[in-house]
Amino acid sequence: MLQRDFAHAKFTDATMISYPLSGRTLVAKPSFATQRKLSEKPSSSTLFSARTKFSRTGPTESNELAIEGRQLVDYAGSEEDVSPGGLTFEEDAIGGLGRHLGVFSCTIVGRIVGAGIFLTPSTILSSVGSVGASLMLWMLGFILSFCGLFIWMEFGTMFPRSGGEKVYMEVAYKEPIYLSTTIIFANGVTFGYSANGCIIFAQNGTLAKYLGNKGHCCRRQVVMIALDCCLIAVVQLLAIVFVTLIHGLTPRLGVYAMNVITIFKIIILIFIMITGWVVLGGGTRVADPYANFHRSFEGTSHISKDFATATFTILGTYAGWLNINYVMNEVKNPVRTLKIAAPLGLSIVTVLYMMSLVSFYAAASKEELLNSGLSAAALFFQNVFGTRAAQSFISAFVAISSLGSVLCFSFSTSRVNQELAKEGFPLPFGNKWWASNWPTGKAPMPGLILHLLPSIIAILAPPMKRWNFVRDLEGWPGQSINFFITMGLLNMRRMRPDIRRPFKAWFPCIILYLGASVLCLVAPFLTPANRVGDSPGLPYYLYCLVGMGVMASFAFFWLCWRVLLPRLLKRQLVRRHETLSDGTVVNIIDWKKIQ
């Protein structure tokens, strides 16, 4: 029927083909090899020659036709059973600013480079005990991040739509329905706060002038620190509210701000790298820039827990390589852009990171890094330039860098929140408003608010001495999601080899990343050397148990919502589509009485 009806097929626009005999509608999308050739829109009602080619790849028949470079996919056929969620690709992409992000905006440098590279090298060195082991772990973090990036690229090119893990969990674990969506909501909304970046931004403008002197301060400074603690909270709140407003009310300005800060970060890291070369060449006041590299593995720790904890921390500094996958609906030519921008951005970050680390270790001795109480970046500027102004500069840069990361993270997380709401997840006052682009019709302000609320709670609720605990909370649930996504990819390769994969991750990369995920899930339960962890007064494994408890409680919520209540009330949950005033298409879940 499809082949006979094809002779009457007519292109009514650039993407849709209607079949008058059978009443079926197919979606035309360029094959990835010819996307650039097909960038020009064909005129309306252009008839194409009826040259058909049926493709049957793998065990399942795929209702695909190729017409002069265009790939036609019958969404009533093979793609429906693998499409994530309840919306088609076209329905999911409607609304907002459209596809406005190019390769530069998607290079993920702005999301990855935050405060981690400036604040954590001393911590990593303290954990593993030697400069050589520290540099090796940083390179291992790059390799593991690239392995994860390849997995997300395979998923992202198969399903180029916003949502990231939300999309990949839904397509890998279709049954029971909405369970994976609920788990992603638990992780993304409950633990997807930007408080960490906000507190670093605030601290570098206040407490930095008092702390770092081995903890010694006078009574007057104690009073000032108490006042500054209040100021820090206020600055954090102002930062997250500012980010919410700029992205929600002026979305293009928000993207422009992210790009400008990204350029600023790259310039500063290049400056540190070049200055490090000058240090190694003997052109500065540093007496022996090679001291840390003569016996670089001396003092290396032999405790596996130390290396596991350090690896976990380093992976956190590379976090952000999956940022493009969250906003694919807004990316121009998403498959091509993802394949270029993601590996390019991570490679740029790695080169800048490794060169900056060499500069830090050349400018300061191992003893200074371990005992001075200053960050590696602060020691670098102090030893090379010898002025307090230099330390103030690096504090200001760390603050701006952290603010840039908050801008990028809020931008992407709000899109994930919007996708969760569009899927029909039950939210207060219904999901339609949360899924909308209110008030401008261009950006998901409700999704930003859904990100703002847990960030405010994380900023105000815990005392500062418990901040390490709050910071660690998101780690274990996030790693568990990574583990299930990796397992889901392996299962999809086995069960659905017929699905088109514009990019395919190298199998050893998948296994290596899977092993790293297991390590990160097990390591927090290993007893640390000090038997305390980084949250004195609390069990070192408590944050993992809290993360498990939150995810388990949301799983119980799903059980009540999808299973127990419908049976008790004798109702069935029926999904329908509704188009909002701004053009956004959402799923609406209706409770209908069973006849």
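These figures come from a predicted structure and were not determined experimentally. We number each residue from 1, following the sequence as shown.
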request  = Would you please test T337 and I324 for side-chain contact (heavy atoms from CB on, under 4.5 Å) and show each step?
outcome  = CA-CA 9 Å; T337 301; I324 307 176; 5.5 Å; no

Examine distances only and state if a side-chain atom of [X] and a backbone atom of [Y] form a donor-acceptor pair shorter than 3.5 Å.
X	Y	result
S296	N292	no
N329	S162	yes
S126	T123	no
T317	G116	no
D306	V128	no
W152	E165	no
N383	A363	yes

Given side chains that start at C-beta, do those of [X] and [Y] come closer than 4.5 Å, heavy atoms only?
X	Y	answer
P439	M445	yes
V416	V327	no
D288	Y290	yes
T190	E474	no
F201	V406	no
L237	L460	yes
M153	L338	yes
L542	F469	yes

task = Could you check F425 against W434 for side-chain contact (heavy atoms from CB on, under 4.5 Å), going step by step and ending with a plain yes or no?
result = CA-CA 10 Å; F425 190 85; W434 296 101; over 6 Å; no

Quick one: [atom1] on [X] to [atom2] on [Y], what's the gap to the nearest 0.5 Å?
X	Y	atom1	atom2	result
L125	T120	CG	OG1	11.0 Å
W277	I272	CH2	CD1	13.0 Å
W476	Y541	CH2	OH	15.0 Å
F297	F293	CZ	CZ	11.5 Å
D472	T313	CG	OG1	8.0 Å
C544	L473	SG	CG	9.5 Å

With a 3.5 Å cut-off and sequence neighbours excluded, list the donor-acceptor pairs that the side chains of residues 260-270 form with protein atoms.
from : atom 1 : to   : atom 2 : distance (Å)
T262 : OG1    : M258 : O      : 2.8
K265 : NZ     : G110 : O      : 2.7
K265 : NZ     : V113 : O      : 2.5
K265 : NZ     : S401 : O      : 3.2
K265 : NZ     : S405 : OG     : 3.4

ask   = Passes side-chain contact (heavy atoms from CB on, under 4.5 Å), L453 versus Y193? Steps please.
value = CA-CA 8 Å; L453 296 177; Y193 40 74; over 6 Å; no

Side chain to side chain contact (heavy atoms under 4.5 Å, CB included) against [X], all qualifying residues, sequence neighbours excluded:
X	value
N417	V189, T413, L420, L450, H451
I340	V103, R336
S122	L369, A376
A308	L519, A523

key: Criterion ring pair (Phe, Tyr, Trp, His ring centres under 6.0 Å) on Y326 and F411, from CA distance to verdict   = CA-CA 9 Å; Y326 294 149; F411 179 83; over 10 Å; no

Could you list the donor-acceptor pairs under 3.5 angstrom formed by side chains in residues 129-149, with sequence neighbours left out?
from : atom 1 : to   : atom 2 : distance (Å)
S130 : OG     : A133 : N      : 3.2
S130 : OG     : T300 : OG1    : 2.7
S134 : OG     : Y361 : OH     : 2.7
S145 : OG     : G141 : O      : 2.8

Please tabulate, for side-chain N and O atoms in residues 242-254, each donor-acceptor pair with protein atoms closer than 3.5 Å (sequence neighbours left out).
from : atom 1 : to   : atom 2 : distance (Å)
T244 : OG1    : I240 : O      : 2.8
H247 : NE2    : L407 : O      : 2.8
T250 : OG1    : I246 : O      : 3.0

task = Report the residues that fulfil side-chain hydrogen bond (donor to acceptor under 3.5 Å, both in side chains) with S412, sequence neighbours left out, ordered by chain and then residue number.
result =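 With sequence neighbours excluded, S412 shows a side-chain hydrogen bond (donor to acceptor under 3.5 Å, both in side chains) to N323, given in chain and number order.
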
message = According to side-chain hydrogen bond (donor to acceptor under 3.5 Å, both in side chains), who are the partners of N187, at least two apart in sequence or on a separate chain?
response =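 Residues passing side-chain hydrogen bond (donor to acceptor under 3.5 Å, both in side chains) with N187: none at all.
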
ask   = Do Y513 and F150 have ring centroids that are under 6.0 Å from one another?
value =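 No - the distance between ring centres of F150 and Y513 does not fall below the 6.0 Å cut-off.
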
With sequence neighbours excluded, residues passing salt bridge (charged side-chain N to carboxylate O under 4.0 Å, His left out) with E330 =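 E330 satisfies salt bridge (charged side-chain N to carboxylate O under 4.0 Å, His left out) with R415 once adjacent residues are dropped.
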
request  = Under the salt bridge (charged side-chain N to carboxylate O under 4.0 Å, His left out) rule, collect the residues that match up with E368, sequence neighbours excluded.
outcome  =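 Testing E368 for salt bridge (charged side-chain N to carboxylate O under 4.0 Å, His left out), a comparison that skips the adjacent residues, returns none.
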
ask   = For Y256, does the OH atom have more than 12 heavy-atom neighbours from other residues, nucleotides or ligands under 6.0 Å away?
value =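 Open.
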
request  = Please identify each residue that fulfils ring pair (Phe, Tyr, Trp, His ring centres under 6.0 Å) with F360, with sequence neighbours left out.
outcome  =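 Listed in chain order: F380.
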
inquiry  = Checking Y540 against T309 for the side-chain contact (heavy atoms from CB on, under 4.5 Å) test, could you report, in this order, the C-alpha distance in whole Å, the side-chain angles of both residues, the deciding distance, and whether it holds?
reply    = CA-CA 12 Å; Y540 58 86; T309 303; over 6 Å; no

task = State, without any angle test, whether N259 and S105 hold a side-chain donor-acceptor pair at a distance under 3.5 Å.
result =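 Result is yes, a qualifying pair exists.
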
